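None of the values given here were measured: they were computed from a predicted structure.
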2 protein chains.
Amino acid sequence: MGTTQLESVPEPKYWHLKTVIGEALDSEFEVGEILPNERELAARFGVARATLRQALEQLELEGRLQRRRGVGTTVAPPRVGVDVSTVQHRWPGAGEDSWQAVDCASAVPPAAVLRLLDTDTDPATGAARPVHVVRRLRATHGQAVAAEQLYVPLASVPGLVAPGTLAGPALARGVLRELEQLPLEGQDRAVELGSARADDAKELDRLPGAPVLVVTTRYLSGGRTAAVSVATYRADTCRLTFGDVGDLQIAS
Amino acid sequence: MGTTQLESVPEPKYWHLKTVIGEALDSEFEVGEILPNERELAARFGVARATLRQALEQLELEGRLQRRRGVGTTVAPPRVGVDVSTVQHRWPGAGEDSWQAVDCASAVPPAAVLRLLDTDTDPATGAARPVHVVRRLRATHGQAVAAEQLYVPLASVPGLVAPGTLAGPALARGVLRELEQLPLEGQDRAVELGSARADDAKELDRLPGAPVLVVTTRYLSGGRTAAVSVATYRADTCRLTFGDVGDLQIAS
DNA sequence: TAGTGGTCTAGACCACTCC
DNA sequence: GAGTGGTCTAGACCACTAC
């Protein structure tokens, strides 16, 4: 036929742009360097700004760029590895880690958390009861990487002094201290993609809806779920690591 | 002053839309139900289609919607939990799991993988040597959830029959079988957000660039990294679970 | 062929940061 | 106030699916 198959699989422009810019980042830019602004980049590549932004969004999602309103677009450093290995066998707050308790409130958990805390309903009405909600922040290298809400049923911290006498960070630390008194029998964990709620986004210095890795942990004690942690990690800057298990063995 | 603070924190329209639609999904729709098309939804909410799409994108990212070109937007079922617990202490392919080997090629790994396989360079030139690249697919409930590339240095499978005599799936299974002969000393694992490469996207029935959870696993044997697995899981439909560790103990 | 979601455009205005 | 990224609009056309 003599005809060559032209553009039989037309690659979207933003996809091609992403590739081109990605290669340029490797070869022509240093970490921290500021890219030309979006309007100029769009003009330079001959596309609309929205199309260019689609490419930049992908690169940011992959942790290669960092964009800040009013400032500009910079080349991101490699993602930091954050250890979330499930084998620490410790209550949250116990031992040396990078978490900091910032507050504690009392609230009824969202439905998804309630399903994990299924033991804590009012036996008479079946209605969910409020629990302690401890708020913590995790920082690495001076940068906030995760915000957590730890849901602790009142029954898990029976020795807590009358909550009215403590507040804020002090109450949060009190709840964590009491939790450590329980024998920890195990934990299981799940990781999924989510988008940052407004309050988490603010603490993580991101816009609402920013992509986050949601790590849900169930702490087991006495055959019950004694606490549930929902931690949201910045997906752009973090790589969750599950440490070397060479020093583990399966019981039995 | 008598003035009320109006819109002091003006919520973006797409964010508000996402909330409204999300609530409607909970109360008015069943899993699998088809939503009105984008043009109609946009008109109904009085916004441009692009704005509506921004809201739908977020909901899809959270696994609440599923959009298919030419078909429509449907309410997604809850995410499926996929076990990726790092404690199986087994080589890939060993035992009963849901992976299926589909192919095997010889190639030089990308730079990021080379850094983990740092022992496999040509001692004379320092250049990277090609390795076996086994391609596998993982399915759950009849649906493809992950595509993997397993990088196996030739040195890790010395007993493999001359590669020329096998090809495709048979070669892939041969490499996996040989790998099982090595003593597995440990593995470490990392999870991060990525976007699907074109080939992975195709196998996962997604568009290129779709958000995926990238699970990188290093298999250790004889003090070396004997293999590296890079598995991409569909972020929209999967929740990665790290099973109950109640039956684990730390070796001193 | 009709209808869907996916891509792309060329503009506008807003919120934020920094000087 | 100047410059940045973030939001939003109102269109257009394309690729795909199903009938």
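- Rounded to whole Å, the distance from CD on E38(B) to C1' on dT7(C) is 12 Å.
- One atom, CD of Q54(B), and another, P of dG5(C), lie 17 Å apart when rounded to the nearest Å.
- Taking atom CD of Q66(B) as the reference point, atom P of dT17(D) lies 14 Å away to the nearest angstrom.
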*Take T217(A) and R189(A), measure what side chain to side chain donor-acceptor pair (under 3.5 Å) needs, and give me the verdict at the end.*
CA-CA 4 Å; T217(A) 309; R189(A) 194 155 286 195; 2.9 Å; yes
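- Between L52(A) atom CG and dG6(D) atom P there is a gap of 11 Å when expressed in whole angstrom units.
- Note: F242(A) and F242(B) have parallel aromatic rings, judged against thresholds of 30 and 60 degrees for the angle between ring planes.
- Remark: P of dG6(C) and CD of E57(A) are 15 Å apart, rounded to the nearest angstrom.
- Taking only side-chain nitrogens and oxygens, T51(A) comes nearer than 4.0 Å to OP1 or OP2 of dT9(C).
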*Could you run through nucleotides 10-19 of chain C and give me one letter per nucleotide, 5' to 3': B if any protein heavy atom sits under 4.0 Å from the base, S if only the sugar-phosphate is that close, - if neither?*
--BB-BBB--
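- Nucleotide dT7(D) holds its P atom 7 Å from the CZ atom of R53(A), rounded to whole Å.
- Between the C1' atom of dA15(D) and the CD atom of E11(A) lies a distance of 15 Å, rounded to the nearest Å.
- Side-chain N/O atoms of T73(B) include one lying less than 4.0 angstrom from OP1 or OP2 on dG5(C).
- Considering all non-hydrogen atoms of both residues, V131(A) and V152(A) come closest at CB-O, 3.5 Å.
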Taking distance alone, no hydrogens or angles, what donor-acceptor pairs closer than 3.5 Å link side-chain atoms of residues 22-31 of chain B to residues at least two apart or in another chain?
residue, atom, partner, partner atom, Å
D26(B), OD1, R64(B), NH2, 2.8
S27(B), OG, E23(B), O, 3.2

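- In plain terms, the two heavy atoms of L116(A) and T225(A) that are nearest each other are O-OG1, 3.3 Å.
- Among the atoms of the strands shown, only primed sugar atoms or phosphate atoms (P, OP1, OP2) are found under 4.0 Å from some heavy atom of L207(A).
- The phosphate of dG3(C) has neither OP1 nor OP2 within less than 4.0 Å of any side-chain N or O from N37(B).
- When the nucleotides dG5(D), dG5(C), dT7(C) are ranked by their closest atom to the side chain of P12(A), dT7(C) comes out on top.
- Nucleotide dG3(C) holds its C1' atom 13 Å from the CD atom of E40(B), rounded to whole Å.
- In this structure, Y14(B) does not reach the dC8(D) phosphate: none of its side-chain N or O atoms is under 4.0 Å from OP1 or OP2.
- Between D83(B) and R138(B) there is no salt bridge, since no side-chain nitrogen of the basic residue lies less than 4.0 Å from a carboxylate oxygen of the acidic one.
- Residue E38(A) is tested with R67(A), R44(A), R69(A) for a salt bridge (Lys or Arg N to Asp or Glu O under 4.0 Å); the sole match is R67(A).
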